[in-house]
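Every chain is numbered from 1, with letters handed out A, B, ... down the list of sequences.
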Protein chains: 4
Amino acid sequence: MPPIVSEEYKEKKKEQILKSALSCFADKGFQSSTIDDIVSHSGISKGAIYNYFKSKDEIYLEVLNRATAKNIENIRDNFSKLRSTLSKINFIFDGYLNTNPFEHERFRYIVVFYEFTLHCTRNEKLLELLTRRRDTFINLLVDVLKEGQEAKEINNEVDPEIFAHQFWTIIDGVSLQAVYNDFPYYDVLREMKEAYIEKLKL
Amino acid sequence: MPPIVSEEYKEKKKEQILKSALSCFADKGFQSSTIDDIVSHSGISKGAIYNYFKSKDEIYLEVLNRATAKNIENIRDNFSKLRSTLSKINFIFDGYLNTNPFEHERFRYIVVFYEFTLHCTRNEKLLELLTRRRDTFINLLVDVLKEGQEAKEINNEVDPEIFAHQFWTIIDGVSLQAVYNDFPYYDVLREMKEAYIEKLKL
Amino acid sequence: MPPIVSEEYKEKKKEQILKSALSCFADKGFQSSTIDDIVSHSGISKGAIYNYFKSKDEIYLEVLNRATAKNIENIRDNFSKLRSTLSKINFIFDGYLNTNPFEHERFRYIVVFYEFTLHCTRNEKLLELLTRRRDTFINLLVDVLKEGQEAKEINNEVDPEIFAHQFWTIIDGVSLQAVYNDFPYYDVLREMKEAYIEKLKL
Amino acid sequence: MPPIVSEEYKEKKKEQILKSALSCFADKGFQSSTIDDIVSHSGISKGAIYNYFKSKDEIYLEVLNRATAKNIENIRDNFSKLRSTLSKINFIFDGYLNTNPFEHERFRYIVVFYEFTLHCTRNEKLLELLTRRRDTFINLLVDVLKEGQEAKEINNEVDPEIFAHQFWTIIDGVSLQAVYNDFPYYDVLREMKEAYIEKLKL
DNA sequence: TATGAATGAGTCTTCATTCAT
DNA sequence: TATGAATGAAGACTCATTCAT
């Protein structure tokens with residue numbers, strides 16, 4: 001409220017807006033969510049929101065950026081605590097096996113995330129951003145797999161790049177299928193995980 | 001243009017509108033496409049479009065309905081021509097391996113399709129429709145796999161349901177990843193196909 | 001259907017269209033009724049309707065014109081059959097007392113009629129037409145009252161003009177009040193009729 | 001113009017919109033007036049109008065509501081200042097006798113008012129609202145007449161309900177007839193007033 | 001910084017009228 | 001004459017963004 005305000009204050013406000021925005025986007029989709037929805041949900045005035053973000057698009061972008069950042073950080077943290085390659089692969093699969101994609105909140109988030117992905121498709125800049133983000137996820141795994149090969153923990157024949165991509169392909173596949181609420185998410189994911197790990201072994 | 005016009009004429013016109021609509025959806029996205037976009041693209045007047053479809057939503061729905069119908073018909077046709085289960089599985093995988101998901105037209109279609117899928121997520125009626133459509137695709141495979149087991153062509157241990165779901169999970173996974181234009185689509189899909197078929201054998 | 005068609009045929013067709021139009025206008029009001037409504041109701045094609053009438057407005061006008069003509073004719077006919085002035089005045093009041101203004105069909109017609117009256121208010125030409133029509137109604141009564149005075153049947157003090165106007169004022173008043181379905185139409189009209197006739201007597 | 005604006009400011013704005021709306025309705029008729037007309041006439045933007053009213057229908061309703069409220073308040077005020085029943089009846093008649101129904105502004109308002117009345121006819125909710133409003137007007141008179149009877153000021157034989165209805169019937173009648181600009185409004189109304197009051201006396 | 005009223009381009013949809021057959 | 005598909009100008013309403021206070 002005072003004319004000069006700490007960075008911390010601003011950051012908190014931003015966070016608050018973004019949280020509300022995600023909630024709205026999750027509920028109604030990006031296009032269908034209005035700034036007024038975010039105003040209602042956050043209790044922050046329209047003018048204030050525009051003080052922190054240039055446009056609705058910028059909010060969208062930032063919402064997804066932060067969600068991703070958190071996810072990466074989380075994976076990195078846990079990888080660093082784990083020793084063997086297989087335990088890391090196990091861990092990252094289990095992250096998805098221990099999550100309920102049908103649970104309302106989670107489900108909404110998945111939908112928004114893929115909507116955003118598709119949205120980026122139509123804007124070169126956004127697509128590049130998205131691709132860079134994806135590279136981070138891919139490299140996380142490529143590094144692990146390479147280390148595993150160097151350490152002779154896993155099969156030398158597997159192509160780390162291909163297998164890294166394959167992993168996210170599986171995750172995207174099962175996540176997307178979760179839009180059908182009778183999808184046997186756990187069974188399918190477990191089956192695919194086993195096949196995946198089988199290939200790595202030896 | 002004249003009244004007292006054949007059903008065929010009307011059907012052609014509908015087709016024309018839907019084709020333009022799909023094209024627009026592909027270009028600008030499902031929600032961002034306006035009726036005016038379809039008017040511009042098709043050269044058909046707004047009024048005429050509303051003579052053939054009650055609402056924009058109806059256009060959406062019909063676009064996707066028809067695309068799906070064609071796809072299913074195609075798969076069924078080819079399945080009926082093929083003898084062994086493995087050859088059918090091969091065939092259906094190869095349908096995706098012989099397609100270039102990065103080719104503009106195709107790419108746009110993929111994006112629209114998934115956008116629509118996610119959109120349906122927010123509307124009970126649409127979701128039911130979508131689920132029914134998916135069931136058709138799933139059952140196509142379940143039937144094939146069951147027949148294969150009865151004919152002792154494939155492993156009795158695989159659960160047809162799970163493997164049917166797994167197949168479409170793979171397809172959704174690689175299709176979605178194709179938004180990244182450096183995604184090694186063919187390599188990943190081939191790898192996953194091999195693993196999938198390996199499991200079926202014996 | 002043949003290229004050359006009798007006047008009679010045309011007249012019949014016109015009548016048919018107008019009847020449907022009145023029905024539609026009565027149901028939904030003039031503005032809310034569409035040409036398509038008339039098409040549906042009459043079973044006559046849009047093109048055909050435009051062959052007989054230049055515009056929706058013209059239909060409106062003609063509908064009301066004819067309704068009025070019938071009414072006047074009816075009154076004239078009956079007046080000519082009646083001898084005394086008072087019996088004529090009685091008769092014309094009773095026409096309204098023996099009618100149920102709340103009966104759906106009739107009610108709708110009343111509403112349309114007053115809507116049309118108000119509509120004319122905004123168009124000099126229409127207003128003139130309407131005024132001429134009203135003059136006919138007024139004169140019908142003025143003549144009767146004057147004859148009555150000449151024949152010493154009714155009070156010489158009453159101003160025929162004023163009393164003619166007063167009559168239609170009463171009819172418009174009770175008709176309009178009939179929009180309220182608890183309006184004591186008969187009681188009020190009877191009361192006013194009695195007072196009216198009382199004044200004429202002596 | 002600024003945010004955090006007083007209730008008074010908002011009320012003024014609303015009033016401004018409603019005044020323009022009434023003006024437009026009066027000019028072009030109720031159904032034919034568009035929001036854009038109101039925008040042009042008021043100089044207030046479309047968006048702003050929708051900030052104050054949810055829909056065009058709500059504007060209609062409020063326009064009439066307020067007009068009615070003012071009228072009722074006015075009558076009540078004056079009734080309270082008058083002692084005898086006859087003076088009250090006189091007063092309310094004179095309100096209409098001292099008004100020029102042909103004066104442009106006034107005339108337009110009358111037309112709009114009856115248009116609205118007829119419009120309500122086609123909508124149960126509106127009709128109920130209208131009926132409740134009418135009841136207020138009726139009761140205003142019923143109460144006066146009953147008091148008059150209790151105070152032995154007026155004839156006990158008259159039915160207060162019927163006479164209350166009769167009064168408004170007269171007013172509606174002469175008001176409606178005023179659409180014809182040669183209608184002898186004052187003569188007719190004076191005549192009817194006298195007859196009415198005559199009946200009350202004794 | 002915060003507020004929320006104001007703006008107006010943009011959206012879907014309707015419908016009177018035309019016109020090729 | 002009859003048909004009904006085509007046209008496109010409105011119309012009601014929405015909403016991202018601006019800006020005066």
Phosphate-side-chain proximity, [X] and [N], N/O vs OP1/OP2 below 4.0 Å:
{"X": "C/Lys46", "N": "F/dT3", "answer": "no"}
{"X": "C/Lys10", "N": "F/dT1", "answer": "yes"}
{"X": "D/Tyr9", "N": "F/dA20", "answer": "no"}

Quiz prompt | C/Glu11 side, atom CD; C/Leu18 side, atom CG - distance, nearest 0.5 Å | solution = 8.0 Å
Do [X] side-chain atoms and [Y] backbone N/O form a donor-acceptor pair below 3.5 Å?
{"X": "B/Lys56", "Y": "B/Ser33", "value": "yes"}
{"X": "D/Asp37", "Y": "D/Thr34", "value": "yes"}
{"X": "B/Ser40", "Y": "B/Asp36", "value": "yes"}

So, for [X] and [Y], which heavy atoms are closest and what is the spacing to 0.1 Å?
{"X": "B/Ile38", "Y": "B/Ile17", "result": "CG2-O, 4.2 Å"}
{"X": "B/Val112", "Y": "B/Leu22", "result": "CG1-CD1, 4.2 Å"}
{"X": "C/Ser20", "Y": "C/His41", "result": "OG-ND1, 2.9 Å"}

In whole Å, what is the span from the [atom1] atom of [X] to the [atom2] atom of [N]?
{"X": "A/Ile17", "N": "E/dT3", "atom1": "CD1", "atom2": "P", "result": "10 Å"}
{"X": "B/Phe53", "N": "F/dA5", "atom1": "CZ", "atom2": "P", "result": "14 Å"}
{"X": "C/Ile35", "N": "F/dT7", "atom1": "CD1", "atom2": "C1'", "result": "16 Å"}
{"X": "C/Lys28", "N": "E/dT14", "atom1": "NZ", "atom2": "C1'", "result": "11 Å"}
{"X": "C/Lys14", "N": "F/dT1", "atom1": "NZ", "atom2": "C1'", "result": "15 Å"}
{"X": "D/Ile49", "N": "F/dT14", "atom1": "CD1", "atom2": "C1'", "result": "14 Å"}
{"X": "A/Gln16", "N": "E/dT1", "atom1": "CD", "atom2": "P", "result": "15 Å"}
{"X": "D/Glu58", "N": "F/dC13", "atom1": "CD", "atom2": "P", "result": "10 Å"}

Exercise. Please determine which of D/Phe30, D/Tyr60, D/Tyr109, D/Phe25 meets the ring pair (Phe, Tyr, Trp, His ring centres under 6.0 Å) test together with D/Phe116.
Key: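 So the option named by the test is D/Phe30.
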Which nucleotide wins on minimum distance to the side chain of [X], given the candidates [options]?
{"X": "C/Tyr50", "options": "E/dT18, F/dT7, E/dA6", "value": "E/dT18"}
{"X": "D/Lys56", "options": "E/dT17, E/dT14, F/dC13", "value": "F/dC13"}
{"X": "A/Ser45", "options": "F/dA6, E/dT3, E/dT13", "value": "E/dT3"}
{"X": "C/Asn51", "options": "F/dT1, E/dT7, F/dG11", "value": "F/dT1"}

By the 4.0 Å heavy-atom rule, please label [X] as base, sugar-phosphate, or nothing.
{"X": "A/Tyr52", "answer": "sugar-phosphate"}
{"X": "A/Ser32", "answer": "nothing"}
{"X": "D/Thr34", "answer": "sugar-phosphate"}
{"X": "C/Lys54", "answer": "nothing"}

Practice problem: Establish, yes or no, whether the cationic atom of B/Lys14 lies under 6.0 Å from the six-membered ring centre of B/Phe53 and within 45° of the ring axis. | Solution: yes
Practice problem: Hey, which sits more toward the 5' end of DNA chain F by its nearest nucleotide, C/Ala48 or A/Asp57? | Solution: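 Comparing both residues, the 5'-ward one is C/Ala48.
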Quiz item: Start at the 5' end of DNA chain F and walk down; is the nucleotide closest to C/Gly47 or to D/Ser33 reached first?
Solution: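 Its nearest nucleotide being more 5', the pick is C/Gly47.
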Practice problem: Please list residues of residues 18-27 of chain D whose heavy atoms come under 4.0 Å from any atom in DNA chain F, ordered by number; otherwise none. | Solution: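 None - not one residue of the stretch has a heavy atom sitting under 4.0 Å from the strand.
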Quiz item: Going by heavy atoms in the side chains, are B/Arg122 and A/Arg108 under 4.5 Å from each other?
Solution: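 Yes, close enough: below the 4.5 Å cut-off.
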Quiz item: Do C/Gln31 and D/Ser32 get their side chains close enough for a donor-acceptor pair, meaning under 3.5 Å?
Solution: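 Indeed, the side chains of C/Gln31 and D/Ser32 share at least one donor-acceptor pair under 3.5 Å.
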Practice problem: Could you run through DNA chain F and flag its stems, i.e. three or more consecutive Watson-Crick or G-U pairs with both distances under 3.5 Å? | Solution: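 DNA chain F stems, ordered by first number: E:2-21 with F:2-21.
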